[in-house]
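So the structure is just underneath, and the comments pick up after that.
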Amino acid sequence: QSVLTQPPSVSGAPGQRVTISCTGSSSNLGAGYDVQWYQQLPGTVPKLLFYGNSNRPSGVPDRFSGSKYGTSASLAITGLQAEDEADYYCQSYDNRLSGWVFGGGTKLTVV
Amino acid sequence: QITLKESGPTLMKPTQTLTLTCTFSGFSLSTGGVGVAWIRQPPGKALEWLALIYWNDDKRYSPSLKSRLTITKDTSKNQVLLTMTNMDPVDTATYYCAHSIPPYYLDSSAYYHYYFDSWGQGTLVTVSS
């Protein structure tokens with residue numbers, strides 16, 4: 001049971017917009033700790049997609065956007081492409097657990 | 001360009017002690033505001049943070065695994081080591097090391113805001129009798 005809760009799967013057609021939620025609590029996202037998002041393409045290493053809630057590292061397409069509000073965060077992908085098919089993980093710090101925590105991951109399928 | 005590479009045994013027996021080495025380039029662990037973390041991922045499962053060591057040798061461990069973990073650094077060799085005692089089949093996973101920094105808008109003392117911006121390729125460790 002992950003401290004950060006994500007839907008196990010989401011899907012969308014090419015060109016559509018999808019969102020992935022990440023629900024935390026008062027000891028992590030609600031305590032002011034930032035959320036990060038990582039993309040893990042099939043069989044590859046996780047790649048940083050967003051840091052500090054909504055900051056996009058260079059090279060990440062602006063089709064991707066991140067936000068955080070209270071104890072929740074969201075990753076949005078517009079103009080969905082087949083190459084976006086991957087597992088997405090949110091991550092933050094939890095002061096009750098005294099450690100960095102990841103969500104359970106969301107598998108995005110482009111149908 | 002930052003690169004990290006994990007190395008160590010691929011097959012372990014239960015109760016053995018695992019030692020993994022992360023060899024990196026493109027940064028120095030003697031520079032303020034830098035850390036190296038270990039993160040693992042069991043096959044088909046989610047990521048799990050294990051440990052983090054900062055440039056100043058401050059260390060953080062996953063509370064659930066703290067009694068089994070030791071993280072150290074060798075700045076002269078650009079290496080970070082992780083040892084995990086009493087290995088069990090549930091510890092079968094791909095183990096990653098990752099470069100860790102705070103966001104640009106926070107200083108190096110924002111320990112709990114560090115995130116993982118560059119990852120090694122990972123090494124699969126299987127624990128089986």
Side-chain angles (χ1 to χ4, degrees), chain A residues 1-9 20 22 24 27-29 31-60 66 68 73 86-107, chain B residues 1-6 22 33 35-54 58-67 69 71 93-107 110-124:
Chain A
Q1 197 90 5
S2 300
V3 173
L4 302 178
T5 302
Q6 300 180 234
S9 63
I20 298 173
C22 174
S27 60
N28 41 70
L29 302 186
Y33 297 107
D34 292 338
V35 66
Q36 277 68 236
W37 290 92
Y38 301 87
Q39 176 194 56
Q40 187 173 31
L41 297 169
T44 69
V45 176
K47 168 192 167 186
L48 179 68
L49 212 53
F50 283 95
Y51 67 94
N53 305 323
S54 58
N55 295 279
R56 197 185 304 113
S58 60
V60 175
K68 176 193 158 190
D87 292 325
Y88 293 84
Y89 294 91
C90 60
Q91 172 262 309
S92 186
Y93 181 86
D94 190 285
N95 60 24
R96 181 176 60 83
L97 297 175
S98 297
W100 284 259
V101 291
F102 288 90
T106 298
K107 183 176 183 60
Chain B
Q1 180 193 4
I2 290 173
T3 65
L4 306 100
K5 187 173 184 179
E6 307 84 352
C22 175
V36 171
W38 284 95
I39 297 155
R40 71 178 178 180
Q41 184 174 36
K45 296 188 178 181
L47 300 164
E48 178 185 18
W49 170 76
L50 301 176
L52 191 153
I53 188 166
Y54 297 95
D58 202 345
K59 303 164 188 177
R60 298 289 185 272
Y61 295 101
S62 167
S64 64
L65 293 166
K66 185 173 184 177
S67 63
L69 296 174
I71 189 170
T94 296
Y95 287 74
Y96 298 100
C97 61
H99 176 256
S100 186
I101 53 172
Y104 65 90
Y105 48 84
L106 295 176
D107 66 27
Y111 284 5
Y112 306 129
H113 290 268
Y114 280 56
Y115 61 92
F116 317 116
D117 68 329
S118 295
W119 296 56
Q121 63 188 28
T123 184
L124 175 61

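So you know, we letter chains A, B, ... as the sequences are listed, proteins then strands, and number each from 1.
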> Out of curiosity, B:L52 CG to A:W100 CH2, how far, rounded to the nearest 0.5 Å?
Replying inline: 5.0 Å
>> The criterion is side-chain hydrogen bond (donor to acceptor under 3.5 Å, both in side chains); which residues satisfy it with B:T123, sequence neighbours excluded?
In response: none
> Top residue by heavy-atom pair count (under 4.5 Å) with chain B, among A:T44, A:D87, A:V45?
Replying inline: A:V45
> Is any side-chain heavy atom of A:Y93 closer than 4.5 Å to a side-chain heavy atom of B:W49?
Replying inline: no
>> I want to check something: taking the side chain as every heavy atom from C-beta on, are A:D34 and B:Y115 in contact at a cut-off of under 4.5 Å?
In response: no
> Do A:Q36 and B:F116 have side chains that get closer than 4.5 Å, going by heavy atoms?
Replying inline: no
>> Measuring from atom OH of A:Y51 to atom CD1 of B:I101, what distance do you get when rounded to the nearest 0.5 angstrom?
In response: 7.5 Å
> Which atoms of B:Q41 come close to chain A, meaning under 4.5 Å heavy atom to heavy atom: side chain ones, backbone ones, both, or neither?
Replying inline: side chain
>> Looking at every heavy atom in both A:G103 and B:A46, which two are closest together, and how far apart are they?
In response: O-CB, 3.8 Å
> Of the backbone (N, CA, C, O) and the side chain (C-beta and beyond), which part of A:S92 lies under 4.5 Å from a heavy atom of chain B, both, or neither?
Replying inline: neither
> Say you draw a straight line from CG of B:L47 to CD of A:Q40; how long is it, rounded to the nearest 0.5 Å?
Replying inline: 6.0 Å
> With a 4.5 Å limit on heavy-atom distance, are the side chains of B:Y112 and A:N95 in contact?
Replying inline: no
> Of all the residues in residues 52-59 of chain A, which have a heavy atom that comes within less than 4.5 Å of a heavy atom in chain B?
Replying inline: A:G52, A:N55
> At a heavy-atom separation under 4.5 Å, does B:Y105 approach chain A through its side chain, its backbone, both, or neither?
Replying inline: side chain
> Given that the side chain runs from C-beta out, which part of B:L50 has a heavy atom under 4.5 Å from chain A: side chain, backbone, both or neither?
Replying inline: neither
> Hey, does B:H113 have a side-chain heavy atom less than 4.5 Å from the side chain of A:Y33?
Replying inline: yes
> Among A:G105, A:S98, A:S2, which residue forms the greatest number of heavy-atom pairs with chain B at distances under 4.5 Å?
Replying inline: A:S98
